[in-house]
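What follows is one structure encoded as structure tokens, with my remarks underneath.
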Protein chains: 2
Amino acid sequence: MTQDVGTALRTLTENRMNQTDPASKPSLIQQRNRKRILDAALDVFSRHGFRGSTLDQIAAAAGLSKPNILYYFSGKEEIHVSLLNGLMDAWLAPLREVDPAGEPLDEILRYVHRKLEMSREFPRESRLFANEILQGAPRMAPHLEIELKPLVDKKTALIKRWIAEGRLARVDPHHLIFSVWATTQHYADFATQIQVLMDGREVHEGAEAFLETLYRRLLAL
Amino acid sequence: MTQDVGTALRTLTENRMNQTDPASKPSLIQQRNRKRILDAALDVFSRHGFRGSTLDQIAAAAGLSKPNILYYFSGKEEIHVSLLNGLMDAWLAPLREVDPAGEPLDEILRYVHRKLEMSREFPRESRLFANEILQGAPRMAPHLEIELKPLVDKKTALIKRWIAEGRLARVDPHHLIFSVWATTQHYADFATQIQVLMDGREVHEGAEAFLETLYRRLLAL
DNA sequence: TTTCATCTTGACCATACGGTCAGGAAATGA
DNA sequence: TCATTTCCTGACCGTATGGTCAAGATGAAA
């Protein structure tokens, strides 16, 4: 899974350079620094949101000077958009991998498992998206329409089919998916709160067990 | 329910005035303007987060000048803290009202219903808290420890008792509560996303039906 | 080693923003 | 009516922040 996000990051790293002709190979330095910047930016943006983050913070976290960062990206906004673009694919992978040929209940439970795993392994990514959507997704609206919506339409249709075939209990597929997002991402986005309420106790295994029970009871026939 | 939040707002309105002696009655103008400011601030903070909101925005939304706002509140931070303080009680009311003397399943379903209703009626409040907790709850840490934690401890103990008495199916009470928060608040906090994915279709009734099914299947014996 | 492109930075700029203040306008009340 | 408190504002200030730029440092290629 680290692979997934890594790959996505690498992909976006190969994007248009500032003034360079398109399709020119990026130097090693360029690759290294772009990756540094994006990783630092993920850290900062996910903790403070877009508006609450400063270029100086990102520069410090990346170990580069501010003007140097502006050498690789045209501005704060472009860094943010690059991050969102680069992480989107990895973020949607679990849903994309729900397999029409698989056993319905297993597929859903596997999806829940993967999502929860991502919340644990990549809380920064989760919070980055949460922040963005909370603010009305000003820098992500196209993504929602063009990438997310078709995917959700496809998968809700699949679930609907499964239900019609009597292989899953009856539920509204859209709300089912929303609930998976909500329950799994909650552990990353609201970690501070959960930390306090669970003081010290183990969180993840309990969550895993709970969610498996939840969706098994909901969907089993 | 409007009553609840209104009352809470009024309560916090009666707080310490800038330089006035404590326990002096606030004038009508003072009441009116403080309420205006807090309502405007709720609007702005819930849409842009603390850092992303400016006093000028709040002033404009309240129909007052910036210095005039600083006449009523010592600064941006105090407005924000006042809001959180004033809304906390109303926010926790649904959980507080879970009745040990009631029928377990009914009580939980009623709780879910109330929470979902709040997400629909008071999305701004939901987003305000979501924003704050996402950023690590810097202005809310005491509340979490002093108000939320004891309440959650009490209610999880109650649920545990219900389960031990064989009146609810076995589940981890903490994760149960987390899931209720997650699934209900999701409809307010991620409304932008849901709007896109449900384009036009009715959201709330579907959510209501889905969540009732979800928790009924999870908790029924 | 020289040359050229790439990379890096200190100094600087313009704007936005939180906050102050002196003084004026409105209420309040005697 | 006048006096006093409460309320309101234009003008202003210091700092933070996004962004620019000219010039220098550091590679890569010959």
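Naming: A, B, ... by sequence-line order, numbering from 1 per chain.
Closest approach of A:Gly136 to B:Thr192, counting heavy atoms only: CA-OG1, 3.4 Å. Nearest heavy atoms, B:Ile69 versus B:Ile79: CG2-CD1, 3.9 Å.
Atom CG in B:Asn33 sits about 15 Å away from atom P in C:dA26, given to the nearest Å. A:Phe50 places its CZ atom 10 Å from the C1' atom of D:dG18, with the value rounded to the nearest Å. In this structure, CZ of B:Phe73 is placed 15 Å from P of C:dT20, rounded to the nearest angstrom. A straight line from CD1 of B:Ile37 to C1' of D:dC8 spans 12 Å, rounded to a whole angstrom. One can place OH of B:Tyr71 at 16 Å from P of C:dC21, the figure rounded to the nearest angstrom. Here the P atom of nucleotide C:dA16 and the CD atom of B:Gln57 are 13 Å apart, to the nearest Å. Following rounding to the nearest Å, A:Leu28 (CG) and D:dT26 (C1') show an atom-to-atom distance of 15 Å. Per the geometry, CG belonging to B:Leu70 stands 11 Å off P belonging to C:dC21, to the nearest Å.
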Pairing string of DNA chain D (Watson-Crick or G-U wobble, both atom distances under 3.5 Å; | = paired to other strand) is ||||||||||||||||||||||||||||||

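Here A:Gln30 reaches the OP1 or OP2 of C:dC7: one of its side-chain N or O atoms lies under 4.0 Å away. Contact check, A:Asn68 against C:dT9: a side-chain N or O comes under 4.0 Å of OP1 or OP2.
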Just the atom pairs and distances: protein N or O near nucleotides 11-17 of chain D's N or O, under 3.5 Å.
unit_1, atom_1, unit_2, atom_2, d
D:dT17, OP1, B:Arg51, NH2, 2.6

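Side-chain atoms of A:Lys76 do not come within 3.5 Å of backbone N or O of A:Thr54 as any donor-acceptor pair. Distance alone, capped at 3.5 Å, places no donor-acceptor pair between the B:Lys115 side chain and the B:Val180 backbone. Side-chain atoms of B:Gln185 never come within 3.5 Å of backbone atoms of B:Ser126 as a donor-acceptor pair (strictly under, hydrogens ignored).
For an aromatic pair to be called close, the ring centres must be under 6.0 Å apart, and B:His175 with A:Tyr187 satisfies this.
Note on B:Asp99 versus B:Arg110: no salt bridge recorded, every NZ/NE/NH1/NH2 to OD/OE distance being 4.0 Å or above. Salt bridge status for A:Asp39 with A:Lys35: absent, with no side-chain N to carboxylate O gap under 4.0 Å.
For B:Arg120, the CZ atom counts as densely surrounded, since its 6.0 Å shell holds more than 12 non-hydrogen atoms of other residues, nucleotides or ligands.
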